[in-house]
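Just so it is clear, the model here is predicted, and its values are computed rather than measured. A, B, ... follow the sequence lines: proteins, then strands. Residue 1 opens every chain.
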There are 2 protein chains.
Amino acid sequence: MSTPSSPSRKARADASRNRDRILEVARNLFAERGSQVQLPEVARAAGVGIGTVYRHFPTQADLIEAAAAQRFAEIEEYARTCLGGEPGRGLWRYLNHVGETLEADSGLSAAIEAARHSRGSAPRGEALAGLEAVIGDIIESDCAAGALRADLTVADVYMMVGALSATISTGSGDWRRLLALQFEGLRSA
Amino acid sequence: MSTPSSPSRKARADASRNRDRILEVARNLFAERGSQVQLPEVARAAGVGIGTVYRHFPTQADLIEAAAAQRFAEIEEYARTCLGGEPGRGLWRYLNHVGETLEADSGLSAAIEAARHSRGSAPRGEALAGLEAVIGDIIESDCAAGALRADLTVADVYMMVGALSATISTGSGDWRRLLALQFEGLRSA
DNA sequence: ACCTGAACACCGTTCAAGT
DNA sequence: ACCTGAACACCGTTCAAGT
């Protein structure tokens, strides 16, 4: 609404450089320490004033979300490869990849947590709509192969990933065990 | 270490009354809004100064833990009744009761979350040792009845309850569905 | 247009004074 | 002994001035 005239018609050169620096620094910091990273720290590490961080990312949640966007894209890309492999094993491969990504990048858990604590069903970026569609396809494909319970929904998978994310982000327990146990509930009876 | 001479040898009358008021108020507030309740608010509602809250509960986590202690006791009590019922259904009944308690009292999720984010395996009060033992007995009993997978551990159950708690506390998804899916992974194959 | 950093609002926690 | 509340440290966010 209050951003440049056109949907991003030629942002100023140093401005977009700043934005990139902030995002890169944020990605690294969030990956390491998750949501406990402070914004002044990000500003310092990026070599800009705090106001500049807020100009590009109006709220902390926006920055966390933006920093995780790449991971979501990568996950979606990987998800597509799960559609072609051994029949009936797509969702299992997908969930393992998500677990490994969550383990390697605390920023992803932070983004999921932020989204969960946000409004019940806030208008999450259309980026996630694409991922949602692919997951739906994987479920359908695995179901057709007789590997998954017939009533499984995308919402079920999201709920489980959220639960997995919360567990991984506390560092407690061993997530591969949790995933293995959880997955039993997704298989056909 | 720095508390009264004996392990609580006669605390002053108004002091213990203050402590009780703080705890009662905290229980109500935490139950309603979980960990987003602020300590000044607790002090105000209890009609005491902030310093008094800190005198009795050195840190916010201590207050959250103390406020949830009753719930843990109630849960342990209920858990014991799960040992006598229909053979093989103890853990299922236990987990449903935990879910209902989590749903009704946000303070319990707050306490679990706090404990999880705390030191990996901090010296949690011996209160939890009792609960842990009962859960172990339930598992053993249900296993003997052939209802649960033989390699199931108390740690598995804790991990799942933590995942369930995190999901319920965000209000996202429907926890009975999650529990049903999760429980499939605990049953014998 | 965009950047900066002082300033504001707020919260957890401490501590010097009181009783 | 215990209570009080001003004070401190700190963090997210805003905004008047600068360029």
Rounded distance in Å - CG (B:Asp20) to C1' (D:dC3):
16 Å

So does B:Glu74 pair up with B:Arg71, basic N to acidic O under 4.0 Å?
yes

Working to the nearest 0.5 angstrom, can you tell me the gap between B:Leu148 CG and B:Ser141 OG?
9.0 Å

Residues A:Arg149, A:Asp151: salt bridge by 4.0 Å N-O rule
yes

Is the number of heavy atoms from other residues, nucleotides or ligands within 6.0 Å of CD (A:Glu100) greater than 12?
yes

Linking Ile, Leu, Val, Met, Phe, Trp and Tyr through side-chain heavy atoms less than 4.5 Å apart, which residues share a cluster with A:Tyr78?
none

Of D:dC3, D:dG12, C:dC11, the nucleotide closest to the side chain of B:Thr52 is D:dC3

So if I take every side-chain heavy atom of B:Arg12 and compare against C:dC3, C:dG12, D:dC2, which nucleotide ends up nearest?
D:dC2

Would you say the side-chain atoms of A:Asp156 and A:Thr153 include a donor-acceptor pair closer than 3.5 Å?
yes

Is the closest basic N to carboxylate O distance between B:Glu184 and B:Arg187 below 4.0 Å?
yes

Here the distance between atom C1' of D:dG5 and atom CG of B:Leu39, to the nearest Å, is 15 Å

How would DNA chain D look in dot-bracket form, 5' to 3', counting Watson-Crick and G-U wobble pairs with both distances under 3.5 Å and writing | for bases paired to another strand?
||.|||||...|||||.||

Whole-Å distance separating the CD atom of A:Gln38 from the P atom of D:dT13
12 Å

Output yes when at least one side-chain N/O atom of A:Asn18 is less than 4.0 Å from OP1 or OP2 of C:dC2, else no.
no

If each of B:Ser35 and B:Gly51 is mapped to the nucleotide of DNA chain C with the nearest heavy atom, which maps nearer the 5' terminus, i.e. the 5' end?
B:Ser35

For residues 54-62 of chain A, which residues have at least one heavy atom under 4.0 Å from DNA chain C?
A:Arg55, A:His56

B:Ser188 side chain vs B:Gly146 backbone, donor-acceptor pair below 3.5 Å
yes

For A:Thr59, is there any backbone N or O sitting under 3.5 Å from a side-chain donor or acceptor partner on A:Asp62?
yes

Identify whether any heavy atom of A:Ile50 sits under 4.0 Å from a base atom; if not, whether one sits that close to sugar-phosphate; answer base, sugar-phosphate or nothing.
base

